[in-house]
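Here the structure is laid out as structure tokens; the discussion comes afterwards.
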Protein chains: 6
Amino acid sequence: MVDVQTNEIGKLAALVALTDETAALDIAPQLSEYEVVTGKVGSMELKKVIASVETAAKRGNLIDGETYRETHALYHAIIEAAEGVTRGKLSVGEIMRTVGLSFSVVRGRPYEDAREGEWLAVCFYGTIGAPIKGKEHETLGLGINHI
Amino acid sequence: MVDVQTNEIGKLAALVALTDETAALDIAPQLSEYEVVTGKVGSMELKKVIASVETAAKRGNLIDGETYRETHALYHAIIEAAEGVTRGKLSVGEIMRTVGLSFSVVRGRPYEDAREGEWLAVCFYGTIGAPIKGKEHETLGLGINHI
Amino acid sequence: MVDVQTNEIGKLAALVALTDETAALDIAPQLSEYEVVTGKVGSMELKKVIASVETAAKRGNLIDGETYRETHALYHAIIEAAEGVTRGKLSVGEIMRTVGLSFSVVRGRPYEDAREGEWLAVCFYGTIGAPIKGKEHETLGLGINHI
Amino acid sequence: MVDVQTNEIGKLAALVALTDETAALDIAPQLSEYEVVTGKVGSMELKKVIASVETAAKRGNLIDGETYRETHALYHAIIEAAEGVTRGKLSVGEIMRTVGLSFSVVRGRPYEDAREGEWLAVCFYGTIGAPIKGKEHETLGLGINHI
Amino acid sequence: MVDVQTNEIGKLAALVALTDETAALDIAPQLSEYEVVTGKVGSMELKKVIASVETAAKRGNLIDGETYRETHALYHAIIEAAEGVTRGKLSVGEIMRTVGLSFSVVRGRPYEDAREGEWLAVCFYGTIGAPIKGKEHETLGLGINHI
Amino acid sequence: MVDVQTNEIGKLAALVALTDETAALDIAPQLSEYEVVTGKVGSMELKKVIASVETAAKRGNLIDGETYRETHALYHAIIEAAEGVTRGKLSVGEIMRTVGLSFSVVRGRPYEDAREGEWLAVCFYGTIGAPIKGKEHETLGLGINHI
């Protein structure tokens, strides 16, 4: 059994990305207190990865696509997660590599103090490597932001 | 139950860092085919974080501290994991933040083809934030290298 | 006369940092609709620059120092402004240079749509260079975040 | 009235980019001692932004397009200003964002000591954000180089 | 005469890139104990530079293209060498510049201790600059990795 | 014999750093048309590396320490060379590594067109690695600037 505190929004997002929402709910029932969106994307273009998460979050009503505030919060959380995926060089195809990723976006209130309001966690898990099947290894990235 | 493939050395390292070795073994029994070292470190200095993982790996005989080859492989895996933790700026105290991290180092043969040899995964999970209790959020980073 | 739109929170912050609050109010009377804090800091340590802005913002009640949410929003705006100051290398003394900066922090509602809520702008203006008087040139940086 | 010292080439460039050359001359008459070129550019490609400034500076005879020396000085001043605009990630469209910028290039002798010769300041001011109208915030960047 | 130690795999790679394999062998006969591949590439796309080195190394049997382990070791050595070429911004055409490079890849056993095994050095030497003949200066980069 | 063109100031600087001034003059007699300064520095602090090159250049009258213009040109050439040495992370001790470097600074007129004036090349060659003797590999970096 995985020990997950209710307020560990990042750990919850990571468990969803590493497994799937059903398995994550099984391990960590407190995930039910959060809104969750998941998806998959494979690309040599980072902008497609970013757009894929944004589209999933808007379609899943996890963020309000009408306001820039929520788009801005999500964008920076995605970029921070992408820094973990790309480890120091925010590029994929430009430096001859490709990614195949599962992602989760989790939204809710991780802090006890009500004034802390809502936060977002974005997690990517998958592979990064040469654009040839099998010539790749795993990668992981987490971004967190207030919304 | 978490679906973990035997060859997913990064997912195994992440599960250990997110929980602990016992819980991770319970979820993913295939972890027993790998060598694992864990530890904890809190600091405003990245070099202490790096040294802490290196010391744990040498003391746990996970790497051969006598050869530069193994030190070099581990160092780059640590730095890649630290890129995820620091998200784009490989600094902690210099930019007024502190980290409190659990880490795992996992060594073994994740690829079926024997010629692929041994690989290392380093994973950090914990908090990053202002040097004031509670003014922080979660962070995660994974680095993988051949050894 | 400088043409400043009420919603140009970044331009307002820049005018304050380039001059001072009185001069900026004279040029751009719409600044009175925002909360403003200013200060000065000279250092070879980026953490002192960051701490100086944070302290000024808390003392001036521009942010609520009790909640992490507001600290987090301000921190990232400061870091983004510091990227402009340091231009690609988030370091000062570590690479043998020093800064002497005036800063402004401006908080308010720059978007017409009420759902956009409050935003923050942080601007630095001053000098960067060798730690010898006169061996320096000007530098400028702006960071913006939702709060 | 904005207090601008004759030698503050960066502040002069910033005032021009934040307003326009006429307004800047009105605020800071000492701008007349410098050569100035201005322009506007909107793009998802950083290379178009760079090319736009280079072309304006050559057409306006602000730099001698025949010599690499002057091209080199301008190029690095543009890149430094672009670091402020992009804040830590020298990418625009690759990470799913777009810029709409006004720019100024100012050339002259900001130091009293005649041996310091000529210097260049490049300033960008405008917006950066999602490629959707209104989903953006302001951005600013300044680069300075000897020529 | 250039003083080159047998174990200086980086210096050997640099001499090959700065001159050619014949001249380098003449200066440093110990190069004969290593496997060497050389090539040339000019491009505004970093991925073409990377692919060019990878293809040369595979065709020259310097690495085993069948195993990911060797591809991974070479890839990171190329990226490290490219960091020297691009100096802090792993981009070429995206920031309006082009490269014309000679490269060398050297493989062998530079350490006396047999346990250190095989290592790789990748060196680039050539020009970087505006995409106009003559508007460029020299550039150099070296990457080293265990294999 | 190494083929070196008179105008290859970067190759000349690299040959001096890889060997020494006497050996380099022997290989490339055209080096005598340039001013050259050399030195050695070992440190875990990048600022000491930078200061060491600046001091050598001033003491050797290679640059005029009185003018900021020349200090500025040298500083940026040093930083570019340091990017090659540190490969993507402008840090040494902060990320638990140390450098032992020989350096050269070469000043002169590499372009045929007299209007191109004087340029500087800075080259570092040495080792980088763990702060333990032998746990290190070679590193190289070149920076070039107009002066």
Side-chain angles (χ1 to χ4, degrees), chain C residues 1-5 7-20 22-24 26-28 76-77 79-90 102 106 110-113 116 119-129 134-146, chain D residues 1-5 7-20 22-24 26-28 76-77 79-90 102 106 110-113 116 119-129 134-146:
Chain C
M1 199 61 202
V2 180
D3 176 35
V4 189
Q5 304 301 309
N7 62 358
E8 291 175 334
I9 189 173
K11 192 185 280 186
L12 291 168
L15 288 171
V16 175
L18 287 164
T19 65
D20 58 54
T22 312
D26 197 47
I27 298 165
H76 283 277
I79 292 296
E80 295 206 350
E83 295 274 7
V85 168
T86 57
R87 286 149 300 125
K89 310 155 216 304
L90 208 54
S102 294
V106 177
Y111 295 91
E112 280 183 36
D113 185 336
E116 294 297 359
W119 291 68
L120 267 180
V122 174
C123 189
F124 291 110
Y125 167 72
T127 56
I128 190 164
K135 299 273 181 296
E136 64 211 3
H137 60 60
E138 291 160 275
T139 188
L140 186 63
L142 175 68
I144 291 186
N145 208 356
H146 63 283
Chain D
M1 200 59 203
V2 180
D3 176 36
V4 189
Q5 304 300 310
N7 63 359
E8 291 175 334
I9 189 173
K11 192 185 281 187
L12 291 167
L15 289 171
V16 175
L18 287 164
T19 63
D20 57 53
T22 313
D26 197 47
I27 298 166
H76 283 276
I79 292 296
E80 296 206 348
E83 295 273 6
V85 169
T86 58
R87 288 151 297 128
K89 310 152 215 306
L90 209 53
S102 293
V106 177
Y111 295 91
E112 280 183 36
D113 185 337
E116 294 296 359
W119 291 68
L120 266 180
V122 173
C123 189
F124 290 111
Y125 166 73
T127 56
I128 190 162
K135 298 272 181 297
E136 65 211 3
H137 61 59
E138 293 160 273
T139 189
L140 185 65
L142 175 69
I144 290 186
N145 207 356
H146 63 282

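Per chain, numbering begins at 1; letters A, B, ... match sequence-line order. The model shown is predicted, which means the values in this text are computed figures rather than measured ones. Basis for what follows: all heavy atoms, side chains included, without hydrogens, waters or symmetry-related copies.
- Remark: C/Glu136 engages no residue in a side chain to side chain donor-acceptor pair (under 3.5 Å) (not counting sequence neighbours).
- Inter-residue side-chain proximity for D/Thr19 and C/Val4 is flagged as unmet; no heavy-atom pair is nearer than 4.5 Å.
- At a 4.5 Å heavy-atom cutoff, D/Ile79 makes no contact with chain C through either its backbone or its side chain.
- Proximity to chain D (any heavy atom under 4.5 Å) is shown, for C/Glu8, by both the backbone and the side chain.
- With a 4.5 angstrom heavy-atom cutoff, C/Ile9 touches chain D via backbone and side-chain atoms both.
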**Request:** Decide yes or no on salt bridge (Lys or Arg N to Asp or Glu O under 4.0 Å) for C/Glu83 and D/Arg87, but give the supporting numbers first.
**Result:** CA-CA 5 Å; C/Glu83 295 274 7; D/Arg87 288 151 297 128; over 6 Å; no

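- Contacts between D/Asn7 and chain C at a heavy-atom distance below 4.5 Å involve the backbone alone (N, CA, C, O).
- For the side chain to side chain donor-acceptor pair (under 3.5 Å) test, no residue two or more places apart in sequence or in another chain qualifies with C/Lys135.
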